[in-house]
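Worksheet for the structure shown next.
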Amino acid sequence: MAKMTTMGVKLDDTIRNRLKQLGESRDRTPHWLMKKAITDFLDQEEALDKRNQEADVALREYQATGQYVSHENMEDWLNTWGSDKESTCPELEN
């Protein structure tokens, strides 16, 4: 089991009351709702960071090689997805 640490969060009365009301309507504690919200936020932000890092790598690769797939070729390929005639990824161009 992971080690747990207590952290304090200062909330105004409006947010505190909203948490309490939502918790009651969902049969959850405000604590559970806050943990869920924080976990979901972290998952979302970490996924965004990962996508940004992958985009940075792709940009550096493009800058180094000049290779790309044209919009037209990419669109043609994507239009085959989910069909009986699905094609393979187009070749890189210079």
Side-chain angles (χ1 to χ4, degrees):
M1 182 176 208
K3 180 182 176 187
M4 299 287 193
T5 301
T6 300
M7 294 180 70
V9 178
K10 292 186 180 194
L11 304 173
D12 63 37
D13 288 342
T14 302
I15 293 174
R16 186 176 181 276
N17 289 333
R18 288 173 63 194
L19 273 170
K20 186 177 179 183
Q21 289 173 358
L22 185 61
E24 288 171 358
S25 74
R26 296 197 178 169
D27 198 25
R28 297 289 184 178
T29 64
H31 176 262
W32 186 92
L33 292 174
M34 289 185 287
K35 279 182 64 174
K36 175 78 170 124
I38 292 168
T39 300
D40 290 351
F41 173 79
L42 289 172
D43 290 347
Q44 178 183 352
E45 292 300 309
E46 289 167 348
L48 179 60
D49 282 350
K50 182 179 179 189
R51 283 192 303 274
N52 287 342
Q53 290 168 4
E54 290 169 350
D56 288 344
V57 168
L59 176 60
R60 285 193 298 274
E61 185 175 323
Y62 167 73
Q63 290 170 330
T65 68
Q67 294 183 313
Y68 65 97
V69 175
S70 71
H71 176 79
E72 181 180 327
N73 288 345
M74 182 60 72
E75 188 173 40
D76 290 345
W77 174 51
L78 292 175
N79 286 334
T80 69
W81 285 18
S83 73
D84 294 337
K85 298 178 181 177
E86 190 168 313
S87 63
T88 59
C89 182
E91 296 291 321
L92 292 173
E93 306 168 36
N94 282 338

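These numbers come from a predicted model, not from an experiment.
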Using the side chain to side chain contact (heavy atoms under 4.5 Å, CB included) criterion, which residues pair with Q67? Sequence neighbours excluded.
T65, L92, N94
If you count heavy atoms of other groups shown closer than 6.0 angstrom to CD of E61, is the number above 12?
no
What pairs meet the salt bridge (charged side-chain N to carboxylate O under 4.0 Å, His left out) rule with one or both residues in residues 65-77, with sequence neighbours excluded?
none
What is the minimum heavy-atom distance between I15 and D12, and which atoms define it?
N-OD1, 2.9 Å
For S87 and T80 the tightest heavy-atom approach is N-OG1, 3.1 Å
Looking only at non-hydrogen atoms, find the nearest pair between E93 and N73 and report the distance.
OE2-ND2, 2.6 Å
Within residues 34-53 or reaching into it, pairs that qualify as side chain to side chain donor-acceptor pair (under 3.5 Å) - sequence neighbours excluded
K36-D40
As a quick check of understanding, evaluate side-chain contact (heavy atoms from CB on, under 4.5 Å) for R16 and L19, giving each step before the final call.
CA-CA 5 Å; R16 186 176 181 276; L19 273 170; 5.8 Å; no
Minimum heavy-atom distance G82-E86, with the two atoms named
N-OE1, 3.1 Å
Residues passing the ring pair (Phe, Tyr, Trp, His ring centres under 6.0 Å) test with W32, sequence neighbours excluded, are none
Going by the rule side chain to side chain contact (heavy atoms under 4.5 Å, CB included), which residues pair with L78 if we only count those two or more places apart in sequence or in a different chain?
M74, W81
Other residues, nucleotides, ligands: >12 heavy atoms within 6.0 Å of E91 CD
no
May I have all residue pairs that pass ring-ring contact (aromatic ring centres under 6.0 Å, His included) and include part of residues 42-75, sequence neighbours excluded?
none
For the hydrophobic clusters of this structure (ILVMFWY residues joined by side-chain heavy atoms under 4.5 Å, transitively), does one cluster hold both L48 and L42?
no
State the CE-CG distance between M34 and L11, to the nearest 0.5 angstrom.
6.5 Å
